[in-house]
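Quick caveat, the model's predicted, so the values are computed rather than measured. Because only heavy atoms are used, hydrogens play no part in the values below, and waters and symmetry mates are left out as well, while side chains stay in.
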Amino acid sequence: MGHLGVPSSIVLTGATTGIGRATALRLAGRAGHLVLHGLEPESRVADLLGEVRAALPRGGTLSYLAADFSQLVEAERLVSDIRAVTDRVDLLVNNAARPGPASRTVTDTGYEVTFQTNYLAPVVLTSGLLDLVTEGRIVNVASATHLSATLHLDDLGLARHGYSPSTAYAHSKLALVTYTCWLAAHRPSPSVDVVSVHPGIIATRLLHAMFSIGGDRPEHAAANLEYVASRRDDNGTYYDERDPASPNPEAADPATQDRLHAVTVDLLAY
């Protein structure tokens, strides 16, 4: 399975429900050190953590860290918490996400909550851990909904454009794919690969909160993420499940990537 064929140091966000839970169990068998993130305190996910520990290879270790990305300071704290338990990241999977709420909601830091949770928080986390991913891989979990979205660089919080839960979600995922393309072009080393992936249409609470459709089981998405995690030499690729595909043209446009990066740096004051 490529570079994940040996026990690795893996960080997975949004690991306690849906796709993340299934992915945690799927990746556990190849993790020398598995760092899982979730919203819940550790006591509320004890059963899952027990299952994951049982799936770890001999000598493997598990760390669980809680953080709520609707508070950006918690994403910043998560960086410090991860750095306290590992000095190397072979695989970072930015999976944590939320559906758009029924009405436009602004966080205490002034950002639309879907954009903050699904885009700004992964950028904070990735930026803060990038020096630990010296020979590793960053996989950003996206969505095919980004293909129909428009990136409003002058209104990233959707204050002046039509808001709907699905619009906010697709907009945040378009930003994430665009960032992935930018980071792939500006990666710190040729030994770091940065990719994004639509894991499939999966029957999760997130899907059903926005769309009245069915979907595959979370294990289907987990298998797709494991497949993409095991690839190499595909820096910048957007995957539709397991197939390389063309992302939204905006995401692939270097000028748009640079503009989003500049706005993001300004928002986060990096």
Between Asp253 and Arg259, is there a salt bridge with N-O shorter than 4.0 Å?
-> no

Main-chain N/O of Pro199 paired with Asn224 side-chain donor or acceptor, under 3.5 Å = yes

Any Arg77 side-chain heavy atom under 4.5 Å of Gln71 side chain = no

Look at the side chain of Thr178 and the backbone N and O of Leu174, then say whether any donor-acceptor pair between them is shorter than 3.5 Å.
-> yes

For the pair Gln116 (side chain) and Phe69 (backbone), establish whether a donor and an acceptor sit closer than 3.5 Å, ignoring hydrogens and angles.
-> yes

Would you indicate whether Asp87, at its atom CG, is surrounded by more than 12 heavy atoms from other residues, nucleotides or ligands within a distance under 6.0 Å?
-> no

Under 3.5 Å: donor-acceptor pair, side chain of Arg187, backbone of Pro190 = yes

Do Phe115 and His152 have ring centroids that are under 6.0 Å from one another?
-> no

Mind telling me whether Tyr238 and His146 have parallel, tilted or perpendicular rings, with 30° and 60° as the class edges?
-> perpendicular

So, His37 side chain and Ala66 main chain: donor-acceptor pair closer than 3.5 Å or not?
-> no

Are Val177 and Val194 linked, directly or through other ILVMFWY residues, by side chains that come within less than 4.5 angstrom of each other?
-> no

With Thr107 as reference, evaluate Thr117, Val113, Leu120 under the side-chain contact (heavy atoms from CB on, under 4.5 Å) test and give the passing residue.
-> Val113

CA sep, side-chain torsions, deciding dist, call: Asn94, Thr126, side-chain hydrogen bond (donor to acceptor under 3.5 Å, both in side chains) | CA-CA 8 Å; Asn94 283 308; Thr126 301; 2.9 Å; yes

Side-chain (Asn248) to main-chain (Ala149) donor-acceptor, under 3.5 angstrom = yes

Side-chain heavy atoms of Leu225 within contact of Ile19, under 4.5 Å | yes

Arg83 with Asp131: basic N within carboxylate O range, under 4.0 Å = yes

Heavy-atom distance under 4.5 Å between the side chains of Asn118 and Arg98, does that happen here?
-> yes

Looking only at heavy atoms, what is the nearest atom pair of Thr114 and Ser172, with distance?
-> O-CB, 3.8 Å

Does NZ or CZ of Arg242 fall inside the cone over Tyr239's six-membered ring, less than 6.0 Å from its centre and within 45° of the axis?
-> no

Any donor-acceptor pair under 3.5 Å from Arg26 side chain to Ala222 backbone = no

Only counting residues at least two apart or in another chain, list the ones meeting ring pair (Phe, Tyr, Trp, His ring centres under 6.0 Å) with His198.
-> none

Between Thr105 (side chain) and Ser103 (backbone), is there a donor-acceptor pair under 3.5 Å?
-> yes

Would you find a donor on one side and an acceptor on the other, under 3.5 Å apart, between the side chain of Arg137 and the backbone of Val195?
-> no

Judged by atom type as modelled, is there a donor-acceptor pair below 3.5 Å linking the side chain of Lys173 to the main-chain atoms of Val141?
-> yes

CD1-CZ distance between Ile10 and Arg88, expressed to the nearest 0.5 angstrom | 10.0 Å

